[in-house]
Every structure is written in C-alpha cells, then in structure tokens.
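Only this structure's heavy atoms are used, side chains among them; waters, hydrogens and symmetry mates stay out. Bear in mind the structure is a predicted one, so any value in this text is a computation, not a measurement.
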Amino acid sequence: MHTKAVQVLWGCFFLWDLYVSSAQTVYPGIKARVTQRALDYGVLAGMEMIEHMVKEKNIPDLEGSESLEFLKVDYVDYNFSNIKINAFSFPNTSLAFVPGVGIKALTNHGTANISTDWEIKSPLFEDAGGADLFLSGVYFTGIVVLARNDFGHPILKLQRCYAQVSHAHVSFSGELSVLYNSFAEPMEKPILKNLNEMLCPIIMSEVEALNANLSMLEVLTKIDNYTLLDYSLISSPEITENYMELNLKGVFYPLDNLTDPPFLPVPFVLPERHDSMLYVGISEFFFKSASFAYFTSGAFNVTLSLKEISSHLVQNSQGLGNVLSRIAEIYILSQPFMVRVMATEPPVISLQPGNFTLDIPASMVLLAQTENSTAEAIVSMDFVASTSVGLVILGQRLVCSLSLNRFRLSLPESNRSNIEVLRFENILSSLLHFGILPLANGVPFDFHRPEV
C-alpha cells in the first residue's frame, strides 16, 4: 500500500512538472530561417567587408630578441610597428552549420601582404627603416556559437579557434637593405611564432567588439505614434545541418504600455525548404497583437472631414457626386459634415494563402458642422467592414494594400424613420471603397464595386 502511494505521488509530481513546463513555454511570433545558401553568399559578400575592416585594423606591435650566431652577435632586439595589411587573399573559405552547436568557419591557403616599420638594436649597431612582410599558408578554423543574452540580443562565442601562418618572408628597404636581407631568414621563425600566438586572441577580441555592437541593437523599436514592435530573440538559435532558425518574439505593444496582450502565440513551423537564402514566417499572433495594440492606442478612432475625403476624390468627380448627392438627398443639408469612425473591438484577423482578412467591428457617427463651428451628430450606427489585406515585398519594404470585401450596417432607433438601412450600406460602402481605403493605401485604385 505504501509503495502504491509513493508511485501515485511521483506521478502527480511528473504531471505537475509537465503542466508548469508547458505553461512556461514561449512561442515566437516571427521565425526566420537562414540556409546554407545564405552562408555561401555571406562568404562572397563578406570578403569585401572583411578586407575593409582588416585594412583599418590596428595590429599590435611585434617585438622580440634573437641571437645571430653566424654574425657572432649575442642578441638583436627587434620591434615591428605601424603594421598595415595592404592586401590579402583567402581563396578557400567556407562556412557550414554544425548541428546543435553553431557555424564552423574554415579558411586555408591564405596569403597577406603587410607593410611595417622596424627598429633593431644590438651591442654592435642599431637602425630603423621599413619592411614588407609576405605571409602564406594562412590557415584558420573555429566554431562560432550563437546564443542570446537576457535582453534578447544575439551574442557570439568563438570556440575551438586555431590559426596558423606557415610561411613568412621579410624584405627590408633602405640603404643597408642588402645587409639586412642577408640575415632576414633567421628572423622569420620568431616572427611566425609571435604572430601565430597573437592570431586567435586578435580574432576573439574582434568577436567581443562585435558583441558590444550587437548589444546595442534596438530589439524594441517604435513603429509609429501608436505602437512598438518587440522582435527580440526568445531563445538561442536552432542549428541543424541545413539551416539556422531564429525565434523572435514578434509582438506589438501600445506606445505607453508594455503589457503582453491577453492571448498567447501558438507554435508554428516553416516548410522544409532550403532553396532560398532566407525564409521568414509570421504567425497570426503577430497580426493579432498589432490589431490589439492599435486598438488600445486609439489608432482606429478616425475623424474625416468632407474636405479631406473630397481632396482624394477630386479626380473621380462622378463617384464623389454620387456619394454627396445621395447624402444631400437624405439630409438636405448645406453644412459641411464629418465622419467619425471608432472601432468597438480589436479587428479580427484571419490568415489566408497570400493575404489575410480583417473584420473591423466599429461604430460610425455622421456629424454636421453648424454655423458656430460646433459638431452636431446627425446619426450614429454600428457596422462590420470586412477587408482583404495583400502583402507585397518591394525592395526592403513590406507594402500592404487594403480592399473592401463586404460591409454590413445596423442602425439603432433613429428619429429619422425614413432612413433605409440598405441605402446607408450602399452609401457608406462607397465612401469606404472610394474614400477611406484609397487614403489608407496611398495609391491609385481600380473601380470595382464591393459586395454589399
């Protein structure tokens, strides 16, 4: 009996641990996949950047002491300063994913041309001048491990660094260059030794400098006057044999409130494809959080004057005339009017292949401006507008285009009993189709009558 009780108790603890683990799991709103093709392109495109960086790099001085037995000199102290890399070549360079670890970098058969100032001192003489150093057989390998810090920034760590230069040839310049070049070969060995000892520390210091820059990246950025977007890493990158996958938070917040929305992201996966360099997946949670953030910030509360609407419709006088004449027919008003639209709930977003639909539950108030500049409500009504949102990537911009699918109107009790709901639907549907949506798109629109 005691044994069964212990087993039941352990079973309860196990189930509770599973529940807590699942409750704490955070799923991304955005996924980005980097493939091997991106790494291959990075090798080609990155060389120009590396060349510029290397040429601007301040390389520490090389100094040491060496005995020259063939000249019966006990020691020669040497110092190479102002070292500049003028040219280099890494013809065999590759990047490859190491599953569960990081990215392996490998280069061999590299060469480099270096210019430097030199100074030598010995018991017999001392001198200074310039020299050229040619390095060949440059080899480097290391694994770059990618992780995240507590703030969601990416961080890099270099593991298993090994760097070696196989050959060095020194050529002195100056009046006594013939003499110095005669004993340059004995100095090449200590130069190689010191250089090989310096290479990995130099590379690791560059990685640390890169981490300092990565820590300054904005992972919470202001989109506009209403919202912020958090695209910080929620976990360390996932590395497979063929790609690296980044899980980004991908959530919108109101500008003055960083409270998470009252719903959670659900897991989603990217298709198993590797033909392109980069794949980006955006979940429904991303759009829902945007809808909630904009709704909370009041971005969906808009007041448009007749002047603002007509300025856009001036080139479509026929459509404008139809809208205005029908409104005038109903109200027989000479005063200018305004339309105030207020979302009553966050718009409902449903993802579809190639686009997504946006259902906007809202209320609308028609206001007339009286002679004393006050706004008098003519009528208020509730409606649901269903729009399709198409997404197109132009260059580095994500462009959205809105189109009206349907419009449904419901009127409360009104003192204007002759107002017909269907008539209002047609009028306001035309107003949305020809006025508000083109203003939102900011592009010319085609004439298609929406479904009502």
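- Ring geometry for F263 against F292 counts as perpendicular: the plane angle is over 60°, on a 0 to 90° scale with 30° as the lower cut.
- Distance NZ/K84 to CD1/I114: 12.0 Å, rounded to 0.5 Å.
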From CA spacing to verdict: side chain to side chain contact (heavy atoms under 4.5 Å, CB included), E208, M204 | CA-CA 6 Å; E208 290 304 316; M204 296 183 75; 5.8 Å; no
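- Considering all non-hydrogen atoms of both residues, L229 and G250 come closest at CD1-C, 4.3 Å.
- For H109 (side chain) and P91 (main-chain N/O), no donor-acceptor pair under 3.5 Å exists by modelled atom type.
- Between F88 and V138, every side-chain heavy-atom pair lies at or beyond the 4.5 Å cut-off.
- In terms of heavy-atom proximity, N194 sits nearest to E63 at ND2-O, 3.5 Å.
- Nearest heavy-atom pair across M244 and F97 is CB-CE2, 3.5 Å.
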Check the pair Y243 / E245 against side chain to side chain donor-acceptor pair (under 3.5 Å), numbers first and verdict last.
-> CA-CA 7 Å; Y243 59 80; E245 201 159 89; 4.7 Å; no
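- A donor-acceptor contact shorter than 3.5 Å is absent between the side chain of T344 and the backbone of S363.
- Between the side chain of T35 and the backbone N or O of S276 there is at least one donor-acceptor pair closer than 3.5 Å.
- Counting heavy atoms from C-beta outward, L146 and P154 have side chains that stay 4.5 Å or more apart.
- Side-chain atoms of R33 do not come within 3.5 Å of backbone N or O of H274 as any donor-acceptor pair.
- Shortest non-hydrogen contact noted between T141 and L106 is CB-CD1, 3.9 Å.
- The shortest distance between side-chain heavy atoms of V144 and L158 falls below 4.5 Å.
- In this structure a side-chain-to-backbone donor-acceptor pair under 3.5 Å is present from Y231 to E218.
- The nearest pair of heavy atoms linking R148 to D150 is NH2-O, 4.0 Å.
- Closest heavy-atom contact between I234 and P28: CD1-N, 3.5 Å.
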Begin from the C-alpha positions of N242 and T240 and carry the test side chain to side chain donor-acceptor pair (under 3.5 Å) through to its verdict.
-> CA-CA 5 Å; N242 299 312; T240 71; 5.3 Å; no
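- Judged purely by atom type and a 3.5 angstrom limit, N196 has no side-chain atom pairing as donor or acceptor with the backbone of L199.
- Considering only heavy atoms from C-beta on, Y27 stays 4.5 Å or farther from F268 through its side chain.
- Using modelled atom types, one side-chain atom of S166 and one backbone atom of G137 make a donor-acceptor pair closer than 3.5 Å.
- Listed for the Q36 side chain is a donor-acceptor partner under 3.5 Å among the backbone atoms of L95.
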